[in-house]
> 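This structure is in structure tokens; I'll ask about it shortly.
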Amino acid sequence: MRLVVFGAGYVGLVTGTGLSDLGHDVLVYDIDPDKIAKLVSGRIPIYEPGLADLMHRNMRGGRLSFASSIADSFNTADAYFIAVGTPPDAEGAADLGAVMAVADTIASVAKRRALVVVKSTVPVGTCDAIQARLAGSTSPVSLEVVSNPEFLKEGDAVSDFFKPDRVVVGARSEDARQMLRELYAPLQLSGERLVMTDPRSSELIKYASNTMLAIRISFMNEMSRLCHATGADIHSVRLGVGADSRIGKKFLYAGPGYGGSCFPKDVQALAALGRQNGVAMRVAEAAHMANEEQSLFLADLVDQTLEGVRGKQITLWGCAFKPETDDIRESPALRLAEALLARGATVVAHDPEAGPNFARHFDGRLTVKERDYDALDGSHALVLLTEWRSYRAPNFAEVKKRLLAGPSGLPPLLVDARNIWRPAEVLRAGLRYQGIGVSLQRVADRPSQR
Ligand code: NAD
């Protein structure tokens with residue numbers, strides 16, 4: 001098939017590249033000319049494991065190309081994919097400006113019957129609204145709008161594309177369903193993973209999925225705060241709760257709060273959708289509030305454990321919102337760094353991939369180091385925020401050497417906001433340990449959380 005993808009971000013680039021690897025002829029368009037210039041010269045503007053090799057192979061094979069201006073090559077696609085951003089507006093609802101702009105472009109370029117496949121995360125009713133917009137346009141051809149939300153996880157996106165848990169398609173006509181069945185057939189070889197439904201249900205599945213995951217995280221984060229207050233231990237609580245097969249083990253890790261370009265905005269967009277439709281989304285609202293509170297809790301925890309952060313230097317290991325990505329959107333590290341700076345601390349950070357994005361964001365208000373241990377020199381505490389593999393087994397003796405002693409001669413402090421270190425090992429190295437919801441009376445013989 002001839003496919004055009006609008007948006008060369010995390011979703012558009014992975015989708016376009018993945019589809020070209022399945023043998024389709026794919027053109028990826030973005031309004032950002034710098035991004036496209038990089039892609040055309042074979043450089044990849046984001047960090048996503050495995051994507052560069054795949055992209056190069058399909059560019060060499062002539063199946064994948066990029067454009068930053070609209071040309072005749074756009075006229076004859078079998079399907080146009082919309083993969084542009086849908087950031088929150090002032091009320092938390094999804095801003096559909098870019099999605100609608102793309103719909104207008106498609107209406108003006110399409111010269112033959114085609115599908116318009118909406119991969120962007122959009123509120124219920126958006127596909128119908130785009131369909132109505134296209135019907136009111138001057139487009140000379142029939143264009144059917146289909147919902148096909150994206151479920152990829154940054155850091156694992158290539159593998160998620162080829163081995164999805166499910167592919168959700170919301171389409172009204174049998175023709176459209178059949179075309180998407182064919183398109184995704186190569187991904188169904190090890191079992192049917194297609195969920196076929198109507199566009200509105202498909203749109204809601206995406207928000208419901210992200211919000212459900214966010215709720216689990218927020219619930220466990222609240223439990224971690226209750227552990228701090230009561231002397232219970234979050235590791236034991238998680239193991240005991242997750243052992244129930246109805247609940248399951250995944251997404252029960254307490255931490256610094258969820259971040260990224262999806263959970264925070266999608267939870268709020270679902271709440272906004274509820275408000276617009278007169279349905280109170282109390283659980284989603286609560287998940288969002290608990291997440292905000294977790295950031296504050298972490299800032300307070302660092303502040304209290306250090307007996308005040310004013311005038312002190314704090315090192316953050318991890319700027320990305322999760323490992324294996326350079327994406328810092330809504331990252332817990334952003335929130336903690338802002339809180340520490342506001343309280344008068346100096347912040348030094350390191351991340352294996354997201355350091356340059358973090359430095360750009362703070363524009364000189366903090367320092368980002370190239371090497372993890374160099375970021376420790378002269379700091380009063382190290383806060384671990386992203387569980388990158390390279391942070392999992394540090395040389396704690398070296399960490400101790402680089403950090404300054406705490407107040408009243410206490411050993412230097414490690415705040416493990418992902419609970420990945422073995423507390424006993426940290427203590428043995430002569431450091432102080434503070435986890436999230438971790439009972440210090442029980443650290444001696446317990447393994448790390450993950
Ligand atoms: P992104 O910000 O990385 O990329 C969006 C791209 O769209 C940018 O490169 C931007 O320049 C481009 N763009 C904006 N307006 C355009 C236009 N009119 N024409 C062409 N390009 C345009 O965003 P993303 O993370 O890829 O997310 C895209 C959508 O997919 C969002 O709705 C998001 O919620 C959803 N989503 C994201 C993820 C994820 O993990 N990032 C996962 C699932 C779903």
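Counting starts at 1 for both ligands and their atoms, following the listed order. Fair warning: this is a prediction, and the values are worked out from it, not measured in the lab. Numbering starts at 1 and runs along the sequence shown.
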> Taking only residues two or more places apart in sequence, or in another chain, which ones meet Q276 in a side chain to side chain donor-acceptor pair (under 3.5 Å)?
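If we apply the side chain to side chain donor-acceptor pair (under 3.5 Å) test to Q276, skipping adjacent residues, there are no hits.
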
> Would you mind listing every salt bridge (charged side-chain N to carboxylate O under 4.0 Å, His left out) that reaches into residues 52-75, with sequence neighbours excluded?
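Applying salt bridge (charged side-chain N to carboxylate O under 4.0 Å, His left out) to every pair that reaches into residues 52-75, excluding sequence neighbours, yields D21-R57.
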
> Salt bridge (charged side-chain N to carboxylate O under 4.0 Å, His left out) between R343 and D300: does it pass, once the steps are laid out?
CA-CA 10 Å; R343 293 174 194 206; D300 285 346; 2.9 Å; yes

> Please verify the inter-ring angle class for F6 with Y29; under 30° counts as parallel, over 60° as perpendicular, anything in between as tilted.
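If you compare the ring of F6 with that of Y29, the planes turn out perpendicular.
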
> Could you list all the salt bridge (charged side-chain N to carboxylate O under 4.0 Å, His left out) pairs where at least one residue sits in residues 127-136, not counting sequence neighbours?
D104-R133, D128-R172, D128-R200

> Near ligand 1, which protein residues have a heavy atom under 4.0 Å away?
G7, G9, Y10, V11, Y29, D30, I31, D32, K35, A83, V84, G85, T86, A98, V102, S120, T121, E150, L152, E154, K206, S261, C262, K265, R329

> Mark yes or no for whether E330, through its side chain, and S261, through its backbone, hold a donor-acceptor pair below 3.5 Å.
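Checked: no pair found.
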
